[in-house]
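What follows is a single structure, written as structure tokens, with notes after it.
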Amino acid sequence: MPELPEVETIANGLQTRVSGDRIESVWLGNKPEPLKSSSAEIARALEGARVGQVRRVGKHIVFDLELARSGGRWQWIVHLGMTGRLLIANPQTELPKHTHLVARLASGRELRFVDPRRFGRLEVRAAGFKGPGAEPLQISAEDFVGLFHRRTAYIKSLLLNQTLLQGVGNIYADESLFRAGVRPRRRAHSLRRAELKKLHARVREVLKEAIAAGGSSVSDYVDADGEAGFFQLQHRVYGRQGEPCLICGTKIKKIIVAGRGTHYCPTCQK
DNA sequence: ATACCGACCTGTCAGC
DNA sequence: TGCTGACAGGTCGGTA
């Protein structure tokens with residue numbers, strides 16, 4: 001579900017609202033848990049820890065944990081998968097279905113992890129998590145070109161590959177390619193240098209605009225306060241199959257690339 | 001190296 | 001009303 005702008009919005013909300021708070025106790029659901037670390041490890045790392053900085057790395061939310069006792073520096077890493085949510089709530093409000101973790105905070109509130117499809121992942125690990133790829137908002141145009149210009153795969157597949165660029169998902173890949181005028185099935189090495197530079201600029205532009213709008217709410221995305229984002233109103237191709245292109249009027253096409261629904265304008269994108 | 005497919009899960013919506 | 005199938009913001013592993 002959430003891509004870079006949504007994860008960034010959520011992480012910023014959590015930084016504002018829970019950083020500095022202390023986790024007093026943790027409840028974890030059972031059965032096939034959506035965990036990379038064990039329940040015991042997670043509970044041990046979280047309970048009693050003060051929450052330091054909260055930020056986004058790729059599509060992950062990273063909580064710095066400051067532990068009174070063990071001294072070591074740990075991080076709690078949350079990947080929301082398709083349907084994961086991190087919500088701040090009053091203890092009195094009913095626990096939503098599919099709640100897998102509840103962290104009770106010293107301030108009296110709760111931080112809840114809810115994930116119907118269970119594609120999300122929770123992990124605790126030693127500090128220093130960087131993620132597998134480059135950050136789209138930090139990489140230089142030169143390095144961006146270097147990432148793609150020799151690769152033979154479809155450019156869209158590569159934009160989704162988190163070990164190259166981390167944070168871009170299906171919506172923003174389609175939106176970036178539209179703005180750059182590049183078809184999703186172009187082989188990356190067939191893109192001219194100028195096209196790759198343009199794509200670099202458009203990826204950043206789309207992500208920044210989406211962050212400013214609080215992300216895209218396609219079906220059930222909400223931020224840490226339960227608020228929806230608004231960038232879906234600015235989608236130019238994603239979800240617009242059959243509708244006219246906003247530039248030329250051609251019907252937007254939908255095909256499958258890398259197993260994902262892929263939207264583009266056959267006229268504007270070459 | 002790359003592409004496709006199924007798996008992992010649940011919910012929703014369109015069509016019958 | 002209820003059933004069925006397709007599809008959904010993500011990732012992984014197997015196979016050709």
Side-chain angles (χ1 to χ4, degrees), chain A residues 1-11 29-36 56-61 77-86 96-101 113-123 131-133 136 147-178 183-190 203 206-207 209-211 213-224 227-242 254-263:
Chain A
M1 149 187 101
E3 306 179 35
L4 186 152
E6 294 77 37
V7 177
E8 176 119 353
T9 301
I10 293 165
N30 39 20
K31 295 303 181 301
E33 291 150 358
L35 309 178
K36 280 177 97 168
R56 177 196 63 75
V57 175
K59 294 177 187 170
H60 304 263
I61 296 168
I77 318 282
V78 178
H79 192 296
L80 298 171
M82 292 274 256
T83 53
R85 299 184 189 185
L86 278 170
K97 204 173 168 185
H98 308 301
T99 299
H100 306 301
L101 178 147
F113 176 66
V114 181
D115 183 15
R117 286 178 75 179
R118 291 174 176 271
F119 290 173
R121 291 292 176 263
L122 307 181
E123 182 182 12
L147 232 36
F148 298 112
H149 77 120
R150 290 187 182 284
R151 315 268 315 206
T152 59
Y154 300 144
I155 185 65
K156 164 142 181 183
S157 305
L158 296 175
L159 285 175
L160 294 176
N161 184 338
Q162 302 295 296
T163 64
L164 297 175
L165 209 56
Q166 57 183 7
V168 175
N170 204 34
I171 293 177
Y172 299 105
D174 284 3
E175 293 295 319
S176 303
L177 287 167
F178 172 74
R183 289 205 184 190
R185 276 210 234 250
R186 282 279 296 283
R187 301 277 173 182
H189 72 292
S190 82
V203 167
V206 169
L207 294 175
E209 288 179 20
I211 290 168
S216 299
S217 293
V218 171
S219 59
D220 57 0
Y221 158 78
V222 287
D223 67 16
E227 298 293 324
F230 294 97
F231 193 70
Q232 68 280 7
L233 303 174
Q234 294 175 55
H235 291 175
R236 299 183 189 174
V237 286
Y238 185 84
R240 296 194 64 245
Q241 60 274 21
K254 182 176 180 185
I255 59 175
I256 304 292
V257 178
R260 318 294 303 279
T262 296
H263 315 74

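Sequence lines set the chain letters: A, B, ... in the order given, protein chains first and strands last, and positions in each chain run from 1. All values below come from the heavy atoms of this structure, side chains included, with hydrogens, waters and symmetry mates left out. Not measured: the values here are computed from a predicted model.
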- Base partner of C:dG9, which must satisfy Watson-Crick or wobble distances under 3.5 Å: none
- Note on the structure: Taking a pair to mean Watson-Crick or G-U wobble geometry with both distances below 3.5 Å, B:dC9 pairs with none
[atom1] of [X] to [atom2] of [Y]: how many Å apart, nearest 0.5 Å?
X      : Y      : atom1 : atom2 : value
A:I171 : A:L4   : CD1   : CG    : 12.5 Å
A:R185 : A:L177 : CZ    : CG    : 13.0 Å
A:Q162 : A:H79  : CD    : NE2   : 6.5 Å

Using whole Å, report how far [atom1] of [X] lies from [atom2] of [N].
X      : N      : atom1 : atom2 : answer
A:K156 : C:dG10 : NZ    : P     : 9 Å
A:I61  : C:dG9  : CD1   : C1'   : 13 Å
A:R118 : C:dT11 : CZ    : C1'   : 17 Å
A:N161 : C:dC12 : CG    : C1'   : 12 Å
A:N170 : C:dG9  : CG    : P     : 5 Å
A:D115 : C:dA8  : CG    : P     : 18 Å
A:L160 : B:dA3  : CG    : C1'   : 14 Å
A:E6   : C:dA8  : CD    : P     : 16 Å

What nucleotide among [options] has an atom nearest to a side-chain atom of [X]?
X      : options               : answer
A:Y154 : C:dG10, B:dT10, B:dA3 : B:dA3
A:R117 : C:dA8, B:dG11, C:dT11 : C:dA8
A:T152 : B:dA1, C:dA8, B:dC4   : B:dA1

Using the [atom1] atom as the point on both nucleotides, what is the distance between [M] and [N], in whole Å?
N      : M     : atom1 : answer
B:dT2  : C:dG9 : C1'   : 24 Å
B:dC5  : C:dA6 : P     : 14 Å
B:dC9  : C:dG2 : P     : 28 Å
B:dC8  : C:dC3 : C1'   : 24 Å
C:dG10 : B:dA1 : C1'   : 22 Å

At under 4.0 Å, does any side-chain N or O of [X] touch on OP1 or OP2 of [N]?
X      : N      : value
A:K97  : B:dG11 : yes
A:K254 : C:dA6  : no
A:R260 : C:dT11 : no
A:H98  : B:dC9  : no
A:K59  : C:dG10 : yes
A:Y172 : C:dG9  : no

- Query: Hey, is A:F119 stacking on B:dC8? Ring centres under 5.5 Å, planes under 30°.
  - Reply: yes
- Pick base, sugar-phosphate or nothing for A:G169, based on heavy-atom distances below 4.0 Å to the nucleic acid. sugar-phosphate
- Query: Heavy atoms under 4.0 Å, any strand shown: does A:R150 hit a base, just sugar-phosphate, or nothing?
  - Reply: nothing
- Using the six-membered ring of A:F178, assess whether NZ or CZ of A:R236 lies under 6.0 Å from its centre and within 45 degrees of the ring axis.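 The answer is no; the distance or angle limit is not met.
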- Query: More 5' along DNA chain C: A:I256 or A:Q162, using each one's nearest nucleotide?
  - Reply: A:I256
- Could you check A:H100 against A:D115 for side chain to side chain donor-acceptor pair (under 3.5 Å), going step by step and ending with a plain yes or no? CA-CA 7 Å; A:H100 306 301; A:D115 183 15; 5.2 Å; no
- Could you verify whether a donor N or O on one side chain and an acceptor N or O on the other, from A:K254 and A:T262, lie under 3.5 Å apart? no
- Item | A:R187 (side chain) donor-acceptor with A:T152 (main chain) under 3.5 angstrom |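 It does hold such a pair.
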